[in-house]
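The chains referred to below are lettered A, B, ... by the order of the sequence lines, with proteins before strands, and numbering in each begins at 1. Because only heavy atoms are used, hydrogens play no part in the values below, and waters and symmetry mates are left out as well, while side chains stay in.
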Amino acid sequence: MALKVYNVLSRIKEDFTPLNPGVVNMYACGITVSGDAHIGHAYQSVVFDVITRYLRYLGYDVKYVRNYTDVDDKIIANAARAGMDPIEFAEKYMAQTDIEMDALGNAQPTIMARATKCIDDIINFVQKLIDSGHAYVSEFGDVYFKLSSFPEYGKLSHIQVDKNDTGVRKETEPGKQNDLDFALWKSAKPGEIAWKSPWGMGRPGWHIECSAMNLKYLGEQIDIHGGGRDLVFPHHENEIAQSESLTGKQFAKYWIHCGLVKINGQKMSKSLGNGILLKDVLAKYDADTIRFALLRNTYSADIDITDSLLPESRKHIYKMYSGLAALNGRDFSDADQNETNAKIDEIKNEFERAMNDNFNTLEVIAAAFGWFGFINTELAKKSTEYDLKRIADKIVELFRVLNILQQNPIEYIEKTKNDVLEKSGLTVDDIEKSINERLVAKQNKDWATADAVRAKLLDKGIVLNDTPNGTTWDVNL
RNA sequence: GGCCAGGUGGCAGAGUGGUUAUGCAGAGGACUGCAAAUCCUUGUAUGCCGGUUCGAUUCCGACCCUGGCCUCCA
């Protein structure tokens, strides 16, 4: 049962075999920090976080490099609008994004690279491309990649540039030899942030930084290169052209792209301005809920953030934590350990089968509904032959790969209840008074009053449950 | 115009050459004073037309439709 990965380069699911046994070098394109991070950034970061975690679960020594693009046209423009220095502006949003990514439950990548910290490497890279005839300097001090020097151009996106020119908006940039050549180095306009280079003051083009950072931190060849699907063309295509022209070797072995985010069926994009900011989602939902929502989707497919997705996800998370909490204080010392082991193996196999199939977290979650159904069913019986605590521990251990269900269940439930109480303005005392009031009514068979008490609480998000051991209350999410 | 993805039950959405997930909603049941929660059961689902096959939702071809990328974007 080996890991299979869908490789965008070959367009098939391939057996995953890293270049060097036991080691995985992965690079995922991060964020251009021209403002607040949005839910699309969150999706991409969670997907590659989980990929990293699963590779580590399989025992690989993973080096995961992510980058911030901290200088580009938009950053310069937005910084100017905010009356800030572009570097200061970028740093502000990088710091904020770091905090949000952490709050989302993402592990820190091995290396967080930054374009402006690699200017020398970029200049070096560009110079080598010029020296080898893959790039040229224009009369205006810009450096362009010479597309005609890389015959394999288009192998990732399957775009044939000579056939694709109809309908493409062409921006005439003076100094370009060919419309399709792309900038490696941009000369600075007066007053713009700039670095000294052999071609005059300027700054890196968008694509070159990733090639340079890859080379610097991971070497000439890497195992996995990832990002959002919107980067396939031209960004990743251009990275391949630059890197492979420089080294003469295949750049990345596996290309992995996650789908894009839609909001209630509509594509989310900067041009449409319908983005959901990560900080706004984090203000309303906990990381477990957000990750659950994002991972209950095949990573390569677009994800539709409908109005019901996050509330529904929260219910599922709450229910799972409730299942875990219900095991607290239960004694399973009489359990049949062999049967329990068999169940644990079955769960582990289901998990690995799903994850080995191109990181199918959707299937893991579908299976997990079954696992929790099993626990609840056994728990509802008078006696069970399974050690449910050990089974639950295994589920939690496996879910470490998704970084979901890692909180203390009792505390999670307490916290959720407190949040609801805070919103409803009720206290635990209020609820217990109502329960007692209802108990009296029930004893008098005054069902109308009993039901009214219950309805009133339900109105405020509190649901009463009559059990053989008395009445309990819970939040109605 | 070029390239790509996809069309599955009421909705969302997977996998699979033959017995088809999962969730939500619905129905029935256990339970309850009634509920709730939980659990169990359940439902004429695979765009259209051909082909390959003993057998296709799954493979191949044509067609129709939807969406994406080709411009900054994760």
Side-chain angles (χ1 to χ4, degrees), chain A residues 8 11 28-32 34 37-48 66 69 72-75 77 154 157-171 180 206 226-235 237 257-262 265-272 275 278 296-298 300-304 306 308-309 311-313 315-316 319 322-323 326 353-354 357 360 362-370 372-381 441-443 445-448 450-451 454-455 457-458 462-468 471-474 476:
Chain A
V8 173
R11 295 182 186 280
C29 289
I31 302 175
T32 300
S34 57
H38 55 65
I39 188 75
H41 296 132
Y43 184 45
Q44 189 262 10
S45 66
V46 168
V47 164
F48 286 95
R66 253 178 102 74
T69 297
D72 90 319
D73 290 344
K74 195 157 274 171
I75 293 172
S157 58
H158 291 220
I159 285 172
Q160 292 165 277
V161 284
D162 52 328
K163 283 188 184 169
N164 194 46
D165 58 356
T166 316
V168 173
R169 192 186 313 158
K170 286 177 191 164
E171 286 175 30
L180 296 157
W206 172 37
R229 208 181 48 225
D230 51 347
L231 297 184
V232 173
F233 187 89
H235 185 56
E237 199 70 71
H257 293 97
C258 69
L260 305 180
V261 169
K262 293 189 286 187
Q266 190 192 34
K267 164 197 149 106
M268 179 178 91
S269 76
K270 288 193 178 164
S271 51
L272 287 170
L278 176 54
R296 208 180 156 199
N297 192 65
T298 3
S300 56
D302 288 346
I303 182 166
D304 192 2
T306 60
S308 61
L309 178 65
E312 205 180 279
S313 299
K315 282 185 203 174
H316 286 302
K319 184 173 162 181
S322 299
R353 195 188 325 128
D357 182 15
N360 196 336
L362 166 62
E363 213 167 287
V364 169
I365 290 172
F369 285 127
F372 278 96
F374 175 81
I375 288 178
N376 288 333
T377 304
E378 289 299 315
L379 205 53
K381 291 179 181 169
K442 277 177 65 173
Q443 280 161 352
K445 298 209 187 295
D446 178 4
W447 307 126
D451 290 352
R454 191 169 59 194
L457 286 177
L458 188 61
I462 304 298
V463 59
L464 297 187
N465 303 319
D466 294 332
T467 76
T471 300
T472 62
W473 67 274
D474 205 344
N476 185 233

Margin query: Need to verify one output field. Residue with the more 5' nearest nucleotide on RNA chain B, A:Ala450 or A:Val463?
Written below: A:Ala450
Next item on the list: Using whole Å, report how far CG of A:Asn465 lies from C1' of B:rA35.
Entry: 9 Å
Would you tabulate the nitrogen or oxygen pairs shorter than 3.5 Å linking the protein to nucleotides 21-25 of chain B?
from: B:rG23; atom 1: O4'; to: A:Arg296; atom 2: NH2; distance (Å): 2.8
from: B:rG23; atom 1: O2'; to: A:Arg296; atom 2: NH2; distance (Å): 3.1
from: B:rG23; atom 1: O2'; to: A:Glu312; atom 2: OE2; distance (Å): 3.3
from: B:rG23; atom 1: O2'; to: A:His316; atom 2: NE2; distance (Å): 3.1

Check: Is the distance from OP1 or OP2 of B:rA74 to the nearest side-chain N or O of A:Thr32 less than 4.0 Å?
Finding: yes
Notebook entry, point to check: Quick one: CZ on A:Arg454 to CD1 on A:Ile462, what's the gap to the nearest 0.5 Å?
Noted result: 14.5 Å
Check: Looking across every strand, which nucleic acid part, if any, lies under 4.0 Å from A:Ser157 by heavy atom: base, sugar-phosphate, or nothing?
Finding: sugar-phosphate
Item checked: A:Ile365 side, atom CD1; A:His316 side, atom NE2 - distance, nearest 0.5 Å -> 9.5 Å
Checklist line | Donor-acceptor pair under 3.5 Å, A:Asp466 side chain vs B:rC34 base | finding: yes
Notebook entry, point to check: Distance between the P atoms of B:rU19 and B:rU46, in whole angstroms?
Noted result: 13 Å
Item checked: Side chain of A:Arg229 (C-beta onward), nearest among B:rA74, B:rA36, B:rG68 -> B:rG68
Check: So, A:Asn376 side chain and A:Phe372 main chain: donor-acceptor pair closer than 3.5 Å or not?
Finding: yes
Next item on the list: Report which part of the nucleic acid A:Gly228 touches: base, sugar-phosphate, or nothing (heavy-atom distance under 4.0 Å, all strands).
Entry: sugar-phosphate
Check: Base, sugar-phosphate alone, or nothing: which one does A:Gly259 contact when heavy atoms must sit under 4.0 Å apart?
Finding: base
Notebook entry, point to check: Of A:Phe374 and A:Lys442, whose closest RNA chain B nucleotide lies nearer the 5' terminus?
Noted result: A:Lys442
Margin query: Heavy atoms from C-beta onward define the side chain here; which of B:rA36, B:rC4, B:rA74 lies closest to that of A:Arg11?
Written below: B:rC4
Next item on the list: Working to the nearest 0.5 Å, report the span between CZ of A:Arg66 and CD1 of A:Ile31.
Entry: 6.0 Å
Note to self: Ignoring hydrogens, what is the shortest heavy-atom contact between A:Cys29 and A:Leu231? Give both atom names and the distance.
What the structure shows: CB-CD1, 3.6 Å
Check: Heavy atoms under 4.0 Å, any strand shown: does A:Leu231 hit a base, just sugar-phosphate, or nothing?
Finding: sugar-phosphate
Notebook entry, point to check: OP1 or OP2 of B:rC3 sitting under 4.0 Å from any side-chain N/O of A:His158?
Noted result: no
Next item on the list: Quick one: label A:Asn376 by what it contacts on the DNA or RNA (base, sugar-phosphate, nothing), any heavy atom closer than 4.0 Å.
Entry: sugar-phosphate
Note to self: Salt bridge or not between A:Glu378 and A:Lys381? Use side-chain N to carboxylate O under 4.0 Å.
What the structure shows: yes
Next item on the list: Runs of at least three consecutive Watson-Crick or G-U pairs, both distances under 3.5 Å, are what I'm after; which ones involve RNA chain B?
Entry: B:1-7 with B:64-70, B:10-12 with B:22-24, B:26-30 with B:38-42, B:49-51 with B:59-61
Margin query: Rounded to whole Å, how long is the line connecting atom CG of A:Asp474 with atom C1' of B:rU38?
Written below: 12 Å
Next item on the list: Could you tell me whether A:Asp451 contacts a base, only the sugar-phosphate backbone, or nothing, with contacts defined as non-hydrogen atoms closer than 4.0 Å?
Entry: base
Checklist line | Value rounded to 0.5 Å, distance of CZ in A:Arg229 from CD in A:Gln44 | finding: 13.0 Å
Next item on the list: May I ask you to decide if A:Glu363's main-chain N or O and A:Asn360's side chain share a donor-acceptor pair within less than 3.5 Å?
Entry: yes
Check: Would you say the side chain of A:Arg454 and the base of B:rC34 hold a donor-acceptor pair, judged only by whether the two atoms sit under 3.5 Å apart?
Finding: yes
Notebook entry, point to check: Between B:rG6 atom C1' and A:Leu260 atom CG, what is the distance in whole Å?
Noted result: 14 Å
Check: Expressed as a whole number of Å, how far does the C1' atom of B:rC59 sit from that of B:rA27?
Finding: 38 Å
Note to self: When the P atoms of B:rC70 and B:rC11 are compared, how many Å lie between them, rounded to an integer?
What the structure shows: 32 Å
Next item on the list: Enter the distance from A:Leu278:CG to A:Ile39:CD1 here, rounded to the nearest 0.5 Å.
Entry: 6.5 Å
Item checked: Whole-angstrom distance between B:rA14 and B:rA21, as gauged at atom C1' -> 6 Å
Checklist line | P atoms of B:rA45 and B:rU22, separation to the nearest Å | finding: 16 Å
Note to self: Work out how far the C1' atom of B:rA74 is from that of B:rG15, and round it to whole angstrom.
What the structure shows: 27 Å
Notebook entry, point to check: Rounding to a whole Å, what distance do you find between A:Lys381:NZ and B:rC40:C1'?
Noted result: 11 Å
Next item on the list: For B:rU58 versus B:rG6, give the span between their P atoms, rounded off to a whole number of Å.
Entry: 13 Å
Check: Rounded to the Å, how far apart are A:Leu379 CG and B:rA37 C1'?
Finding: 13 Å
Notebook entry, point to check: Where is the tightest heavy-atom contact between A:Phe48 and A:Ala28, given as atom of each residue plus distance?
Noted result: CG-CB, 4.0 Å
Note to self: Considering every strand and a 4.0 Å limit on heavy-atom distances, what is the contact class for A:Val261: base, sugar-phosphate, or nothing?
What the structure shows: base
Check: Looking across every strand, which nucleic acid part, if any, lies under 4.0 Å from A:Ile39 by heavy atom: base, sugar-phosphate, or nothing?
Finding: nothing
Note to self: Using whole Å, what does the distance between atom C1' of nucleotide B:rC11 and atom CG of A:Asp304 come to?
What the structure shows: 12 Å
Item checked: Check: A:Leu260 main-chain N/O paired with A:Asp302 side-chain donor or acceptor under 3.5 Å -> yes
Checklist line | Separation of B:rC3 C1' from A:Phe233 CZ (nearest whole Å) | finding: 10 Å
Next item on the list: For nucleotides B:rC54 and B:rG47, find the distance between their C1' atoms and express it as a whole number of Å.
Entry: 27 Å
Note to self: Rounded to whole Å, how long is the line connecting atom CG of A:Asn297 with atom C1' of B:rA12?
What the structure shows: 11 Å
Margin query: Would you say A:Thr298 places a side-chain N or O within less than 4.0 Å of OP1 or OP2 belonging to B:rA14?
Written below: yes
Check: Donor-acceptor pair, A:His41 side chain versus A:His38 backbone, under 3.5 Å?
Finding: yes
